[in-house]
Amino acid sequence: MMPLRVLIAGLPRSLLRELIILAAASRSGLAALTSDAQPERLPEAAAEAGADVVIFELAESDLPASFRQLLARCPSVIAVSLLGDGRRAVVCLPDVGIEQLLDTIRAAARPPRT
């Protein structure tokens with residue numbers, strides 16, 4: 001069974017980035033990949049890496065105003081925004097730790113490729 005390929009892209013080189021890489025690499029069924037791709041190059045970086053999951057930085061100002069207002073007023077809520085016909089979703093987890101992040105990725109990911 002092929003592991004889920006987790007691409008950590010465009011995150012500044014920091015302790016957080018290194019902790020995510022180490023935690024993902026230590027999990028069975030996950031393969032940590034890295035890229036310094038800027039946001040406009042994320043699609044190409046994900047395709048080139050064969051990524052199943054992409055972790056990248058998003059400025060709060062890039063979120064819709066309604067999402068920012070919800071998070072400001074209810075900071076402990078798990079926010080899920082559905083896109084289009086509801087077959088895609090954006091999830092915002094409050095005060096997420098690395099283990100919770102990886103558990104969420106594993107739970108949301110389709111079965112690994114074989």
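Here, residue 1 is the first one in the sequence, and each next residue gets the next number.
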Run R41 and D36 through salt bridge (Lys or Arg N to Asp or Glu O under 4.0 Å) and show every step you take. CA-CA 9 Å; R41 287 248 323 115; D36 291 326; over 6 Å; no

Check whether R5 reaches the backbone of D52 with its side chain - one donor and one acceptor, N or O, closer than 3.5 Å.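 No; zero donor-acceptor contacts below 3.5 Å.
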
Do [X] and [Y] share a hydrophobic cluster, counting only Ile, Leu, Val, Met, Phe, Trp and Tyr and linking them when any side-chain heavy atoms are less than 4.5 Å apart?
X    : Y    : answer
I8   : V91  : yes
L15  : L102 : yes
V6   : L42  : no
L101 : I21  : yes
L83  : I78  : no

When you look at CG of D95, are more than 12 heavy atoms from neighbouring residues, nucleotides or ligands closer to it than 6.0 Å?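 Check fails, neighbour count at 12 or below.
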
Heavy-atom neighbours of E60 CD exceed 12 at 6.0 Å: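 No, the 6.0 Å shell around CD holds no more than 12 heavy atoms from other groups.
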
Kindly compute the distance separating [atom1] ([X]) from [atom2] ([Y]), expressed to the nearest 0.5 Å.
X   : Y   : atom1 : atom2 : value
L16 : E18 : CG    : CD    : 9.5 Å
L7  : E48 : CG    : CD    : 10.0 Å
I55 : T34 : CD1   : OG1   : 12.0 Å

Are any non-hydrogen side-chain atoms of [X] and [Y] less than 4.5 angstrom apart?
X   : Y   : value
L71 : L63 : yes
F67 : S81 : yes
V90 : L82 : no

Any idea which heavy atoms bring [X] and [Y] closest together, and the distance?
X   : Y   : answer
L30 : A24 : CB-O, 3.5 Å
S76 : P94 : O-CG, 3.3 Å
A23 : E99 : CB-OE2, 4.1 Å

Using a strict threshold of under 4.0 Å (side-chain N to carboxylate O), is an ion pair present between R68 and D62?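 No salt bridge links D62 with R68.
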
Charged N to carboxylate O under 4.0 angstrom, R17 versus E57?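 Looking at E57 together with R17, the answer is no, because their closest N to O distance does not fall below 4.0 Å.
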
Under the side chain to side chain contact (heavy atoms under 4.5 Å, CB included) rule, what do Q100 and I105 come out as? Steps first, then yes or no, please. CA-CA 9 Å; Q100 183 186 12; I105 288 169; over 6 Å; no

